[in-house]
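As structure tokens, the structure follows; a few thoughts come after it.
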Amino acid sequence: MSESIPVTMIAQLSDFNDKTVTIRGWVYNKRSSGKIHFLLVRDGSGVAQCVAVKNQVSPDVFGMFDLLTQESSVAVTGKVHKDDRAPGGYELQIEDMKTVHIAKDYPITPKEHGTEFLMDHRHLWLRSSRQHAILTIRHRIIKAVREFFDNKGFTLVDSPILTPASVEGTSTLFETEYFDLGKAYLTQSGQLYAEAAAMAFGKVYCFGPTFRAEKSKTRRHLTEFWMVEPEVAWADLNDDMDLAEEFIEHVVQTVLRQSAEELKLLERDVTKLQPVKRPFPRLHYDEAVEILKKNGVEFQYGNDLGGTDETIISQQYDRPVMVHHYPAACKAFYMKRDAGRPDLTLSVDVLAPEGYGEIIGGSQREDDYDALVKRLEENNLPRDPFEWYLDLRKYGSVPHSGFGLGIERTVTWICGLDHVRETIPFPRMIYRNTP
RNA sequence: UCCUCGGUAGCUCAAUUGGCAGAGCAAUCGGCUGUUAACCGAUGGGUUGCAGGUUCGAGUCCUGCCCGAGGAGCCA
């Protein structure tokens with residue numbers, strides 16, 4: 001490879017038509033008709049077909065083809081040639097080739113595999129086109145999330161991962177020893193800290209991993225997942241819902257614009273995403289219960305909505321639906337009660353369409369000191385670890401609201417997947433913490 | 001934690017009423033000048049999840065255990 005030959009990523013090949021370039025990557029697949037070899041090389045930016053015709057390249061280079069195995073690493077030099085028969089539209093006519101490493105018996109073949117096998121080889125599975133597309137969309141979603149809040153004057157104030165106590169008092173937490181200070185727990189939400197930050201900055205968000213030690217075993221659960229949690233001072237429940245719908249619209253429409261290629265590879269029906277625009281329907285809990293009853297569900301008023309209940313409600317609409325004013329009995333202690341209906345909270349869940357379920361949970365927070373003390377007692381929560389949280393209601397308490405959006409569930413919905421496990425590079429689930 | 005289903009070659013699966021464990025892909029070797037999960041021919045490849053039991057004979061039936069998948073509850 002002469003120094004004058006440019007090294008390029010496969011995605012940029014079209015800029016080099018009829019020019020000689022070098023690409024570096026991994027063997028995705030190869031085919032041969034004896035005197036003409038086809039080598040598919042991927043480099044993370046795309047896949048390029050490289051062609052070698054006998055008698056047009058040196059015997060050394062032509063013979064190298066036989067040694068190449070799936071996922072061997074190579075540097076290929078050749079002339080870029082526009083050809084509709086090539087995947088991607090451009091192919092490389094091989095002039096020179098260097099093998100960097102020969103892979104032996106790569107386990108993931110271009111044929112079918114089962115979930116367990118693929119999960120055991122997650123570190124290699126990431127190389128396949130489908131996983132590449134999903135994780136690319138995840139990246140775009142996260143970028144759109146940050147962009148949305150950054151452009152609206154929010155400040156990123158991240159919350160601690162090691163915490164002294166439960167945020168909601170209900171979930172089971174991962175526990176660890178913390179030097180001489182006793183037990184510490186992996187956070188299940190950054191919200192309480194975000195509330196403190198909102199009193200300092202006005203509008204904040206935190207974005208990080210959260211942990212749930214519950215033994216949930218469904219396609220919607222991970223034990224470690226990422227959550228973005230905005231918190232806004234002076235915002236009431238309606239402001240919170242306004243923010244949530246604008247936020248989701250921005251994320252979905254941005255991904256539609258930027259990731260058309262990946263969505264196509266995933267065979268996602270984008271006509272299901274295109275209608276995701278404001279305003280979203282808003283349903284009072286009472287109305288949601290009416291819908292369930294009309295659909296023949298024997299629903300006990302006062303209960304939380306179950307997975308199938310959410311599906312029935314979300315299927316009534318072509319965009320996410322916001323269900324608000326859930327009963328206090330099924331919601332967290334920090335949520336403010338409705339003044340006229342103290343059995344209900346100023347809460348909202350956003351349900352994704354097509355039965356993808358809850359992607360956002362939010363609320364207006366209890367801002368009255370005495371009411372919050374009472375809530376802690378009602379929930380049998382220790383007061384000591386929450387003393388700082390109560391301080392926020394002692395020194396200039398204001399109405400404030402926020403919500404949390406689960407990144408993996410959002411990726412699952414936007415990509416149209418049937419399981420969250422493919423939406424995070426290395427999923428952590430009840431029966432898996434490897435690789 | 002509970003309910004349901006599953007575990008056979010490296011991978012995906014088949015095996016009739018309990019009767020010689022098989023196929024495709026992958027691997028190896030050979031053929032093919034435009035392939036698209038290329039194709040054609042040949043070869044090698046097995047502790048049927050583990051431990052017991054019934055039987056002349058168990059992948060198949062029985063008991064226990066292990067592992068996995070889906071769902072419920074709970075949640076994002």
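Within every chain, numbering begins at 1; the chains are lettered A, B, ... in the order of the sequence lines, protein sequences first and strands thereafter. These numbers come from a predicted model, not from an experiment.
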(request) Grab the CZ-C1' distance between A:Phe247 and B:A76 for me, whole Å please. (result) 12 Å
(request) May I have the step-by-step check of side chain to side chain donor-acceptor pair (under 3.5 Å) for A:Tyr285 and A:Asp349, ending in yes or no? (result) CA-CA 10 Å; A:Tyr285 175 83; A:Asp349 281 2; over 6 Å; no
(request) First locate atom OG1 of A:Thr136, then atom CG of A:Leu266, and finally report the distance between them rounded to the nearest 0.5 Å. (result) 9.5 Å
(request) Using the P atoms only, state how far B:G68 lies from B:G52, rounded to an integer number of Å. (result) 23 Å
(message) If I pick the P atom on B:C39 and the same atom on B:A26, what distance separates them, to the nearest angstrom?
(response) 7 Å
(message) Heavy atoms only, 4.0 Å cut-off, all strands: where does A:Pro107 land among base, sugar-phosphate and nothing?
(response) nothing
(request) Both distances under 3.5 Å, Watson-Crick or G-U wobble: report the partner of B:U33, or none. (result) none
(request) Indicate, with a heavy-atom threshold strictly under 4.0 Å, whether A:Gln49 touches base, sugar-phosphate, or nothing. (result) base
(request) Find the partner of B:A26: check Watson-Crick (N1-N3 plus N6-O4 or O6-N4) and G-U wobble (N1-O2, O6-N3) distances, both under 3.5 Å, and reply none if neither fits. (result) none
(request) Just call it for A:Ile407: base, sugar-phosphate, or nothing, with non-hydrogen atoms closer than 4.0 Å on any strand. (result) nothing
(message) Side chain of A:Lys35, heavy atoms from C-beta onward: which of B:G34, B:G73, B:U33 has the nearest atom to it?
(response) B:U33
(request) Output the single nucleotide from B:C75, B:A37, B:G34 whose closest atom is nearest the side chain of A:Arg220. (result) B:C75
(message) I'd like the C1' distance from B:A21 over to B:G46, given in whole Å.
(response) 8 Å
(request) Quick one: label A:Phe117 by what it contacts on the DNA or RNA (base, sugar-phosphate, nothing), any heavy atom closer than 4.0 Å. (result) sugar-phosphate
(message) Centroid separation under 6.0 Å, is that true for the rings of A:Trp388 and A:Tyr193?
(response) yes
(request) For A:Ser32, report the nucleic acid contact type (base, sugar-phosphate, nothing); a contact means any heavy atom under 4.0 Å. (result) base
(message) For a quick check, tell me whether the side chain of A:Arg31 and the base of B:C32 share a donor-acceptor pair closer than 3.5 Å.
(response) no
(message) Centroid separation under 6.0 Å, is that true for the rings of A:Phe247 and A:Phe149?
(response) yes
(message) Any side-chain N or O of A:Lys215 below 4.0 angstrom from OP1/OP2 of B:U1?
(response) yes
(request) Give one of base, sugar-phosphate or nothing for A:Glu224, where a contact means two heavy atoms less than 4.0 Å apart. (result) nothing
(request) For nucleotides B:G30 and B:A23, find the distance between their C1' atoms and express it as a whole number of Å. (result) 22 Å
(request) Return no unless some side-chain N or O of A:Lys217 is found under 4.0 Å from OP1 or OP2 of B:A69. (result) yes
(request) Using Watson-Crick or G-U wobble geometry with both distances below 3.5 Å, tell me the partner of B:G46, or none. (result) none
(message) Between B:U60 and B:G7, how far apart are the two P atoms, rounded to whole Å?
(response) 11 Å
(request) Measure across A:Lys152 and A:Lys203 and return the closest heavy-atom pair with its distance rounded to 0.1 Å. (result) O-NZ, 2.8 Å
(message) Whether the side chain of A:His221 and the base of B:C75 hold a donor-acceptor pair under 3.5 Å is what I'd like checked.
(response) yes
(request) Could you give the distance separating B:U12 and B:G19 at their P atoms, to the nearest angstrom? (result) 26 Å
(request) Examine B:G70: is either OP1 or OP2 under 4.0 Å from a nitrogen or oxygen in the side chain of A:Arg421? Give yes or no. (result) yes
(message) When you measure from the centre of the six-membered ring of A:Phe65, is the NZ or CZ of A:Lys30 closer than 6.0 Å and no more than 45° off the axis?
(response) yes
(request) Establish, yes or no, whether a centroid distance under 6.0 Å links the rings of A:Phe386 and A:Phe333. (result) yes
(message) I need the CG-P distance between A:Leu68 and B:U28, as an integer number of Å.
(response) 12 Å
(message) Mind checking if A:Asp304 touches a base, just sugar-phosphate, or nothing, with heavy atoms under 4.0 Å?
(response) sugar-phosphate
(request) Please state how far atom NZ in A:Lys30 lies from atom P in B:C39, giving the value in whole angstrom units. (result) 15 Å
(message) With the criterion set at under 5.5 Å between ring centres and under 30 degrees between planes, would B:A76 be stacked on A:Phe225?
(response) yes
(message) Pairing check on B:G68: which nucleotide meets the Watson-Crick or G-U wobble criteria with it, both distances under 3.5 Å?
(response) B:C5
(request) Report yes or no: is there a donor-acceptor pair, N or O only, under 3.5 Å between the side chain of A:Glu116 and the base of B:G6? (result) no
(request) Quickly work out the A:His37 NE2 to B:U35 C1' distance and round it to whole Å. (result) 12 Å
(request) Give one of base, sugar-phosphate or nothing for A:His419, where a contact means two heavy atoms less than 4.0 Å apart. (result) sugar-phosphate
(request) Please confirm whether any donor atom in the side chain of A:Thr109 sits under 3.5 Å from an acceptor in the base of B:C25, or the reverse. (result) no
(request) Would you mind classifying the nucleic acid contact of A:Thr115 as base, sugar-phosphate or nothing, using non-hydrogen atoms under 4.0 angstrom? (result) nothing
(message) Mind checking if A:Tyr106 touches a base, just sugar-phosphate, or nothing, with heavy atoms under 4.0 Å?
(response) nothing
